[in-house]
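Data block below; observations after.
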Amino acid sequence: MSYYFTYVLVSGDTEDVRNRVHSLVAQYHNDFEVEQYETECDCDLLREVPDPDCEMCGGTGKHLTTWNPMSKFDCYVIWDSTHVLRNASKNPADWKDEEVFDDDIPDDISAAVAPLGRLDLERLKLPFAIVDPLGNWHEMDGNWWSKNQDSDDWKEWRSIAHRLFAKWPNATLVVLNCHS
């Protein structure tokens, strides 16, 4: 289990940000209902052949499931717990260097929402993933938990993120705190 933050880009003229975010990310929730499909059984992960005593597949190596194959999280909140938007504000007076993790998630989402045009994108901390206004999930390939932000993986992800921001310059950025 882990927590990570994701940016969702919504149209700049969106009135109900909370509802729009939900509609964009719902397909990535592990409870999202999908049609039943056949998949490989996990019983053969440690073996060369499927387990004949497996209760899920009966030894066939395949079983039916409705698990969302696009699942990325089991819950999320609109919440900028680490002040990434404040630290990326174009106004240095808004910057706050320390990270504050607060167990009381605020009802007011305004601190987790900002127009891209009000942010210094070079100061904006890179998230684990970005959901674009069309609902497409983009995430860093490779070693995303590495602190070495000069690595090739991080450089590539930074380039992808900045291309996404440039594609939707009038979007509003919403910070999600996700759990998986």
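We're numbering straight along the sequence, starting at 1. From a predicted model like this one, the values you see are computed outputs, not experimental measurements.
- Here the straight-line distance linking atom CG of Asn30 with atom NZ of Lys72 works out to 12.5 Å at 0.5 Å rounding.
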Identify every side-chain donor-acceptor pair in residues 161-176 under 3.5 Å, counting partners at least two apart or on other chains, and give the distances.
| unit_1 | atom_1 | unit_2 | atom_2 | d |
| --- | --- | --- | --- | --- |
| Arg163 | NH1 | Ser159 | OG | 2.8 |

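- Partners of Ser23 under the side chain to side chain donor-acceptor pair (under 3.5 Å) rule, at least two apart in sequence or in another chain, are Arg20.
- Looking at heavy atoms from C-beta onward, Asp141 lies out of side-chain contact with Asp153 at the 4.5 angstrom threshold.
- Rounding to the nearest 0.5 angstrom, the gap separating the CZ atom in Phe128 from the CH2 atom in Trp137 is 6.5 Å.
- Heavy-atom neighbours of Gln36 CD from other residues, nucleotides or ligands within 6.0 Å: above the threshold of 12.
- With values rounded to the nearest 0.5 angstrom, Lys125 atom NZ is found 12.0 Å from Leu85 atom CG.
- Here the options are Leu116, Leu124, Val131, the test is side-chain contact (heavy atoms from CB on, under 4.5 Å), and the partner is Tyr7; only Leu124 passes.
- Residues satisfying the salt bridge (charged side-chain N to carboxylate O under 4.0 Å, His left out) test with Glu156, not counting sequence neighbours, are none.
- Note that OH of Tyr28 and SG of Cys178 are 12.0 Å apart. Values are rounded to the nearest 0.5 Å.
- Taken from CZ in Arg158 to CD in Glu122, the straight-line distance is 8.0 Å, to the nearest 0.5 Å.
- Shortest non-hydrogen contact noted between Tyr3 and His179 is CZ-CD2, 3.4 Å.
- Take Asn136 and apply the side-chain contact (heavy atoms from CB on, under 4.5 Å) test, not counting sequence neighbours, and it matches Asp132, Leu134, His138.
- A salt bridge (Lys or Arg N to Asp or Glu O under 4.0 Å) check over residues 110-120, counting only residues at least two apart or in different chains, returns nothing.
- Listed by first then second residue, pairs satisfying salt bridge (Lys or Arg N to Asp or Glu O under 4.0 Å) with a partner in residues 58-68 read Glu40-Lys62, not counting sequence neighbours.
- Shortest non-hydrogen contact noted between Phe5 and Leu126 is CZ-O, 3.5 Å.
- Scanning both residues, Cys57 and Cys43, for their nearest heavy atoms gives SG-SG, 3.7 Å.
- Under the ring pair (Phe, Tyr, Trp, His ring centres under 6.0 Å) criterion, His29 pairs with Phe73, not counting sequence neighbours.
- Checked against side chain to side chain donor-acceptor pair (under 3.5 Å), Ser110 has the following partners two or more places apart in sequence or in another chain: Asp108.
- Note that the OG1 atom of Thr65 and the CD atom of Glu38 stand 11.0 Å from one another [nearest 0.5 Å].
- Ser151 places a side-chain N or O within 3.5 Å of a backbone atom of Trp154 that can act as its donor or acceptor partner.
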Does the pair Tyr76 and Val25 meet the rule for a side chain to side chain contact (heavy atoms under 4.5 Å, CB included), with working shown?
CA-CA 10 Å; Tyr76 72 88; Val25 302; 3.6 Å; yes
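- The minimum heavy-atom distance between Gln27 and Asn68, with the atom names listed, is O-ND2, 2.8 Å.
- For Asp16, the side-chain contact (heavy atoms from CB on, under 4.5 Å) partners are Arg18, Asn19, not counting sequence neighbours.
- Asp13 meets the side chain to side chain donor-acceptor pair (under 3.5 Å) test with Ser11; sequence neighbours excluded.
- Among residues at least two apart or in separate chains, there is no salt bridge (Lys or Arg N to Asp or Glu O under 4.0 Å) pair with a member in residues 27-36.
- Nearest heavy atoms, Cys41 versus His63: CA-CD2, 3.6 Å.
- When hydrophobic residues (I, L, V, M, F, W, Y) are linked wherever their side-chain heavy atoms come within less than 4.5 Å, the members clustered with Val34 are Phe32, Tyr37, Trp67.
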